[in-house]
Amino acid sequence: MTRKPILSRRGFLYGAGGVAVGLPFLEGLQPRKLRAAPPERPRFAVFVRQANGCAQADNGEPEQFWPSQLGAITKESLTADSDRAVSELAEFADQLLMVRGTRFAFPGNGCGHSGGGNQVLTAQKVSDDPSGNLSLAMGESVDNRIARELNPKSNPEPLATYAGAMGGYINEVLSYRGPKDLRAADRNPWSVYTKMVGITTLPEEVIQQIKTRRTSVNDLLKEQMSSLMSSPKLSKDDQDRLQLHFDAIRDIEVELSCQLPPQEEQDAMAAQMDYSGQDDRMQTIVMMHMNLIALAFACDYTRTATLQIGDGNDGTEYLLDGVKFPRYHQISHRIYSDGSEGDPIPDALGKHHRIDREHARMFAHLLQRLAMYTTDTGTLLGDSVAVWCNDLGAGVSHTYNNIPWVCAGSCGGFLKTGQYIDAGDVTHNKFHNTILSAVGLTNVEGNFVDDFGDPELEPGVIDGMIAV
């Protein structure tokens, strides 16, 4: 795929059946005062959640996740730490900010997985009622705060996506509008795409044609596209920007329909466009969602998104290098059981570490995708912060201490990247205050955000995350 310029949702083309496609920022169509003083670039934040903790030093087990040394991290240093999961991100070393030393402030209420999921993006107490695996957070999540303050008015909601089965014990855990108001997440990439480009009102036969690549959303806009492309107001740069935008849309459609031999195409469509959580499609669906999140940011469809990988206590049987692993939740317990008693899983720690590495590789795909979109000052990755997080510290103990945060992107230079820091055992509301400040939000005095999460928590940011 060719490199593409960042897109800004400042205008739309409308086609048959009401289909609407966001347009890039076209300088030639802006008032003169905007051309003379273009607005500051927007900032974006995406949160990718892994379940069941990571294979870090805990409960007598050795360190297999974090870099070997605090301080500056480089491609060379991460490559040298080849036994650590984060070494998979060595290519992006100068864009990384890894933060250890934060903890969840509140206990769970009968279920460690549910309580961790309740808190990870909210920094709020866990509900008294409901409790156990049904417990909920008592406040909004960080993505909701970003969306309600920064999103375009035409789309006030964050983008909430999901990959994996929904087992029913605990499903979504991440995105909250407010107390006990958990947002449903969309696990079907086709559904996410149609919402973004607004083609749900098209006749079913046209939708099917798009699914099987016999047509494209672009084909429904030919007349409008031709008229706009021929406008004398557009510069050559504007025309190139438009063409690359339309190419990006077609690329997404090709990825969604999956380039397979014709006799297998319908099977692929059923497994991906009509996805219902199949384990062997997990990595494919994760990366499709990541591609769509990058496109959503590039079009300024939303300023923030979440991707939940696996349900509340992810029971995915990961297929890695052709080998089907036991259920991930049981691996995190180190036994063939979702409880406390069961036969030991051979090399369970090694299997957990291998799954951590797979999550790192999937996260690297998101970073590659964000880096593909260029801006006036760099890339979309540089204008963003992508966060790989977890709702436990380490699975074997279900601890709420030392929650792992791996960030990528400096949010326009706000975050101090190329660093691995220890926050000093602080509650993780300070991490989110820092992220909220990075995307451009302030408190009522115009200073860094200091009020996210439960009001009982100590306010403040993590100074070591902020560039001098």
Side-chain angles (χ1 to χ4, degrees), residues 1 3-6 41-50 54 65-82 84-100 142 146 286-287 290-291 293-298 303-307 356-390 404-423 431-432 434-440 461-468:
M1 182 182 290
R3 292 174 67 86
K4 299 174 176 67
I6 188 169
R41 294 234 64 90
R43 308 298 180 212
F44 305 91
V46 51
F47 302 87
V48 180
R49 170 269 192 187
Q50 175 186 353
C54 63
F65 184 82
W66 298 105
S68 57
Q69 299 290 332
L70 291 167
I73 51 177
T74 64
K75 181 177 180 179
E76 292 72 24
S77 70
L78 286 182
T79 300
D81 283 337
S82 59
R84 307 299 172 89
V86 292
S87 66
E88 299 289 347
L89 301 172
E91 192 66 31
F92 295 93
D94 63 338
Q95 293 272 12
L96 298 177
L97 171 60
M98 303 186 194
V99 183
R100 64 176 294 126
V142 64
I146 294 170
V286 165
M287 289 188 285
M290 288 174 169
N291 295 349
I293 288 167
L295 182 66
F297 287 178
R303 300 289 174 85
T304 185
T306 57
L307 171 54
D356 286 345
R357 297 189 83 105
E358 189 67 12
H359 279 264
R361 290 172 182 172
M362 291 188 288
F363 187 62
H365 176 83
L366 173 62
L367 307 188
Q368 291 163 357
R369 198 70 176 198
L370 291 170
M372 288 175 63
Y373 293 90
T374 60
T375 73
D376 296 339
T377 56
T379 70
L380 182 55
L381 177 58
D383 285 342
S384 306
V385 56
V387 181
W388 170 25
C389 58
N390 209 303
W405 305 98
V406 178
C407 308
S410 68
C411 250
F414 184 95
L415 296 173
K416 187 177 183 180
T417 56
Q419 299 291 319
Y420 168 39
I421 69 169
D422 191 321
F431 175 87
H432 289 315
T434 313
I435 297 298
L436 289 168
S437 301
V439 298
V461 296
I462 298 175
D463 292 335
M465 294 177 62
I466 301 172
V468 177

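Worth saying up front: this structure is predicted, and the values here are computed from it rather than measured.
- Atom-to-atom distance recorded for His365:NE2 and Leu370:CG is 9.5 Å, nearest 0.5 angstrom.
- Summarising the geometry, atom CZ belonging to Arg369 is positioned 14.0 Å from atom OG1 belonging to Thr379; distances are rounded to the nearest 0.5 Å.
- When all heavy atoms of Lys75 and Glu91 are compared, the pair lying nearest together is NZ-OE1, 3.2 Å.
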Pair Met290-Val48, side chain to side chain contact (heavy atoms under 4.5 Å, CB included): steps then yes or no: CA-CA 9 Å; Met290 288 174 169; Val48 180; 4.2 Å; yes
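- Contact record, Arg357 with Ser82: NH1-O, 3.0 Å, taken as the closest heavy-atom pair.
- Tested against Ile435 for a side chain to side chain contact (heavy atoms under 4.5 Å, CB included), the candidates Val385, Val461, Thr304 yield a single pass: Val385.
- Here the SG atom belonging to Cys411 is positioned 10.0 Å from the CG atom belonging to Leu436, to the nearest 0.5 angstrom.
- Rounded to the nearest 0.5 Å, atoms CE (Met98) and CG (Leu89) are 6.0 Å apart.
- When all heavy atoms are compared, the tightest approach of Tyr373 to Ala294 is CE1-CB, 3.9 Å.
- In this structure, the ring-ring contact (aromatic ring centres under 6.0 Å, His included) partners of His432, at least two apart in sequence or on a different chain, are Trp405, His428, Phe452.
- Across every non-hydrogen atom of Val99 and Trp66, the tightest pair is O-CH2, 3.3 Å.
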Worked verdict on Met465 versus Ile421 for side chain to side chain contact (heavy atoms under 4.5 Å, CB included): CA-CA 8 Å; Met465 294 177 62; Ile421 69 169; 3.8 Å; yes
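- Distance check, rounded to the nearest 0.5 Å: CG of Leu78 to OG of Ser68 gives 9.0 Å.
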Check against side chain to side chain contact (heavy atoms under 4.5 Å, CB included), Val86 and Asp81: CA-CA 8 Å; Val86 292; Asp81 283 337; over 6 Å; no
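- Panel note: side chain Ser77, backbone Ile73; no donor-acceptor pair is recorded below 3.5 Å.
- Summarising the geometry, atom CG belonging to Leu381 is positioned 8.0 Å from atom OG belonging to Ser410; distances are rounded to the nearest 0.5 Å.
- The ring-ring contact (aromatic ring centres under 6.0 Å, His included) check on Phe65 picks up Trp388, with sequence neighbours excluded.
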Side-chain donor-acceptor pairs of residues 413-420 under 3.5 Å, sequence neighbours excluded:
| from | atom 1 | to | atom 2 | distance (Å) |
| --- | --- | --- | --- | --- |
| Thr417 | OG1 | Asp94 | O | 2.9 |
| Tyr420 | OH | Arg100 | NH1 | 3.0 |

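- Listed for the Asp356 side chain is no donor-acceptor partner under 3.5 Å among the backbone atoms of Cys54.
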